[in-house]
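Computed from a predicted structure; not experimentally measured. Only heavy atoms go into these numbers, but all of them, side chains included; no hydrogens, no water, no symmetry mates.
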Number of protein chains: 2
Amino acid sequence: MSRAFTTPDIVAPDKRERIYETATQLGYVPNAIGRSLSSQSSRIIAVVVPAADEYYQHALGALARHVIPSDYQLLLFESFESADLEVVFVSIPRYHVDGVIVASSIVPVSQVRPLIASGLPVLMFNQDVTSGDVASVSVDNMAGMRALAVLLAENGHRSVCFVGGIRDATTDRARYRGAFEHLAEVGIPCRYVPSGAFTYEAGYAAADEVAAFAARPDAVMAASDAIAFGLIDGLRAHGIAVPEEISVTGFDGLPQSAWKAYDLTTIEQPMQELSRLAVETLVDRIENDEPTTPTRQLLEGHLQIRSTVAKRKDSG
Amino acid sequence: MSRAFTTPDIVAPDKRERIYETATQLGYVPNAIGRSLSSQSSRIIAVVVPAADEYYQHALGALARHVIPSDYQLLLFESFESADLEVVFVSIPRYHVDGVIVASSIVPVSQVRPLIASGLPVLMFNQDVTSGDVASVSVDNMAGMRALAVLLAENGHRSVCFVGGIRDATTDRARYRGAFEHLAEVGIPCRYVPSGAFTYEAGYAAADEVAAFAARPDAVMAASDAIAFGLIDGLRAHGIAVPEEISVTGFDGLPQSAWKAYDLTTIEQPMQELSRLAVETLVDRIENDEPTTPTRQLLEGHLQIRSTVAKRKDSG
DNA sequence: CTGAAAGCGCTAACAC
DNA sequence: GTGTTAGCGCTTTCAG
């Protein structure tokens with residue numbers, strides 16, 4: 001009997017060896033499906049993620065890595081355009097996964113509540129949910145953006161605009177708020193310019209709008225790095241020098257932000273810690289089914305001062 | 001009985017309705033695990049992929065999207081550094097997946113042969129395997145690189161070097177060969193400069209080497225876009241103008257290659273077709289277990305002429 | 001320590 | 001059309 005595989009130490013060594021031998025000879029490997037069925041645990045975590053988005057691709061990679069030590073596998077559920085979320089969230093329970101990570105700042109929490117209600121451990125990644133009944137791991141968007149605003153103010157900027165991505169995204173709101181609040185405190189106006197998406201293209205297009213303003217801002221804060229890259233290229237295409245004429249900041253700390261052609265001043269999300277924390281939290285909840293209250297965890301982003309923010313003379 | 005779920009049309013409508021009602025009332029959803037166990041088919045495809053690599057992240061996203069219409073799910077297996085492949089390939093059969101996609105140009109085919117021998121449908125993505133016993137879907141690396149070489153030659157370049165990534169990668173070999181062969185035909189030398197990885201950083205570092213050459217090349221062909229981006233920034237950091245002094249070409253057609261700061265001339269992999277073809281081929285093999293011979297499929301890349309290749313005067 | 005047997009939720013085969 | 005039953009490969013319990 002295959003106690004040899006589950007609790008090897010409790011089986012006579014010689015017998016164990018013989019079992020292993022014949023097993024490899026026959027090419028036998030224990031079947032995880034059978035195990036799942038009987039043990040009611042699959043050691044699989046579902047992760048729903050917009051697989052077309054740069055940021056979430058990184059997140060996914062990081063999650064995949066951090067799940068290895070705990071010996072779980074990730075079952076992928078694409079959440080972007082292609083599949084509507086209804087279908088996704090209905091099909092997840094079929095697979096009897098042990099838990100699910102929802103990586104998105106736009107999937108409404110209401111959508112995942114049924115899952116939680118069914119007793120499945122769920123964790124929101126990159127969406128800070130304050131209602132207390134849902135676990136979440138994310139970066140402190142407000143604090144990060146505020147730090148960037150402080151930097152801008154300290155460097156003598158007088159008029160900034162914020163180029164948002166998707167207005168409903170919790171990240172968008174929190175980041176704008178962080179910028180706006182500090183700027184307001186020090187008497188600097190901050191106008192919200194919508195771009196429609198967290199993408200390079202959206203940022204590039206938004207540059208047209210910024211360039212057309214009668215009163216041109218001396219800094220623009222993008223809601224994400226991707227937008228910032230587009231913004232920088234778009235601004236430059238308009239003959240506007242970055243950062244000499246307009247400073248630009250990002251948010252996320254994508255690898256590209258360090259690329260010399262952009263060298264973007266931004267807030268870097270501590271992706272490794274974020275993802276490690278996410279899987280640890282979830283795995284903990286899976287394996288200790290004590291009714292721990294769902295935790296809301298906020299990590300500090302790291303201010304990366306690079307070269308897209310200039311120092312302005314006080315011309316006031 | 002739950003024939004209502006599998007073959008709804010063969011069950012009396014009224015009865016079916018009543019079953020559905022009580023089902024939703026009880027929050028019942030058919031359990032895929034039980035189904036897998038009994039039907040010997042899980043509708044899950046394993047995909048092993050280096051989740052930290054830019055290119056493969058895109059591939060994964062595309063695969064995830066194309067798997068939806070066929071109603072399969074992707075089970076992720078990280079293949080980069082963290083986990084050694086031995087473990088990965090041993091654990092795949094446990095999950096009784098219906099098929100596996102190995103996305104990598106460096107995983108040796110020998111490593112996947114045991115899987116294939118066990119009767120599991122396997123498909124190599126982005127690795128062209130010519131041995132005929134393994135299905136593969138990839139872009140025609142040699143032809144693509146040759147097209148780039150032709151472009152360079154036509155534009156009057158006289159001395160090029162090729163900055164490789166990982167020497168053992170099949171993509172690296174084929175791309176170098178494509179460049180070298182055509183260049184040799186027209187009497188242009190092409191030196192191989194190793195960089196050690198398909199990354200921005202590797203490319204950036206390789207720029208030092210290129211800059212230090214006594215006889216500086218007038219063009220450098222990178223084995224991938226990521227390398228090219230690093231190369232461009234590195235070259236510029238050395239005060240070398242791209243493309244005025246040195247032209248640069250890439251390979252892959254990552255989204256960033258279209259970003260204005262680089263605007264890289266490259267070969268774009270038709271990612272959507274590639275991934276669609278990959279899942280279609282694999283699904284076909286899964287569902288029709290006739291002994292079709294494994295197909296080797298090669299798609300043409302698309303030459304994107306942008307602005308990193310200059311026209312040189314014939315100074316000869 | 002090690003056999004034997006029940007049962008996880010489903011499909012498939014076989015009656016009715 | 002619709003009930004019933006035997007496994008799929010494992011874990012778990014209960015005997016020995």
Side-chain angles (χ1 to χ4, degrees), chain A residues 1-44 46 71-73 75 90-100 115 118-121 286-289, chain B residues 1-46 70-73 75 90-100 115 118-121 286-289:
Chain A
M1 181 174 295
S2 288
R3 251 177 290 233
F5 290 97
T6 39
T7 50
D9 36 314
I10 214 173
V11 113
D14 55 330
K15 201 156 271 196
R16 194 193 325 145
E17 280 315 313
R18 283 219 11 241
I19 292 182
Y20 287 170
E21 258 178 58
T22 24
T24 46
Q25 220 161 57
L26 268 56
Y28 166 88
V29 286
N31 178 328
I33 304 261
R35 174 175 313 200
S36 302
L37 193 54
S38 108
S39 67
Q40 304 291 7
S41 137
S42 56
R43 298 204 79 80
I44 289 181
D71 193 33
Y72 280 82
Q73 299 296 333
L75 189 61
V90 166
S91 58
I92 287 181
R94 295 175 183 274
Y95 290 90
H96 276 215
V97 296
D98 290 350
V100 9
L115 239 51
S118 78
L120 196 55
I286 291 171
E287 298 181 349
N288 311 312
D289 38 17
Chain B
M1 179 177 296
S2 287
R3 252 180 287 233
F5 290 98
T6 40
T7 51
D9 36 315
I10 213 172
V11 111
D14 55 330
K15 203 156 269 198
R16 195 193 325 144
E17 281 316 313
R18 283 217 16 239
I19 293 183
Y20 286 171
E21 258 178 59
T22 23
T24 45
Q25 221 162 55
L26 268 56
Y28 166 88
V29 286
N31 179 328
I33 305 261
R35 174 176 312 201
S36 301
L37 192 53
S38 113
S39 68
Q40 304 291 5
S41 138
S42 57
R43 299 202 79 80
I44 289 180
I45 292 174
S70 320
D71 193 34
Y72 280 82
Q73 300 295 333
L75 189 62
V90 167
S91 58
I92 286 180
R94 294 175 184 273
Y95 290 91
H96 276 215
V97 295
D98 290 349
V100 9
L115 239 49
S118 78
L120 197 55
I286 290 171
E287 298 182 349
N288 312 311
D289 39 17

Exercise. If you find the nucleotide of DNA chain D closest to B:Ala12 and the one closest to A:Asn31, which residue's nucleotide is nearer the 5' end?
Worked result: B:Ala12
Problem set entry | Contact summary for B:Arg16 and B:Pro8, nearest pair of heavy atoms |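 Taking every non-hydrogen atom into account, NE-O, 3.0 Å.
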Exercise. Between A:Tyr95 and A:Ser42, what is the shortest heavy-atom contact and its length?
Worked result: O-OG, 4.5 Å
Could you state the [atom1]-[atom2] distance from [X] to [N], rounded to the nearest angstrom?
| X | N | atom1 | atom2 | value |
| --- | --- | --- | --- | --- |
| B:Leu37 | C:dT11 | CG | P | 11 Å |
| B:His96 | C:dG9 | NE2 | P | 20 Å |
| B:Ile33 | C:dG7 | CD1 | C1' | 16 Å |
| A:Arg3 | D:dT13 | CZ | P | 12 Å |
| B:Gln40 | D:dC8 | CD | C1' | 6 Å |
| B:Arg18 | D:dT2 | CZ | P | 12 Å |
| B:Asp14 | D:dT2 | CG | C1' | 12 Å |
| A:Arg94 | C:dC10 | CZ | P | 10 Å |

Problem set entry | Gap separating the CD1 atom of A:Ile44 from the CG atom of A:Asp98, nearest 0.5 angstrom | 8.0 Å
Exercise. Do B:Val97 and B:Leu120 come within less than 4.5 Å of each other through their side chains, counting heavy atoms only?
Worked result: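 Contact flag for B:Val97/B:Leu120 side chains = yes.
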Problem set entry | A:Arg35 vs D:dG9: side-chain N/O to OP1/OP2 distance below 4.0 Å | no
Exercise. C:dC10 phosphate, OP1 or OP2: any side-chain N/O from B:Tyr28 under 4.0 angstrom?
Worked result: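 Yes, because at least one side-chain N or O of B:Tyr28 sits under 4.0 Å from OP1 or OP2 of C:dC10.
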Problem set entry | Proximal nucleotide (of D:dG9, C:dC10, D:dT13) relative to the A:Ser38 side chain | D:dG9
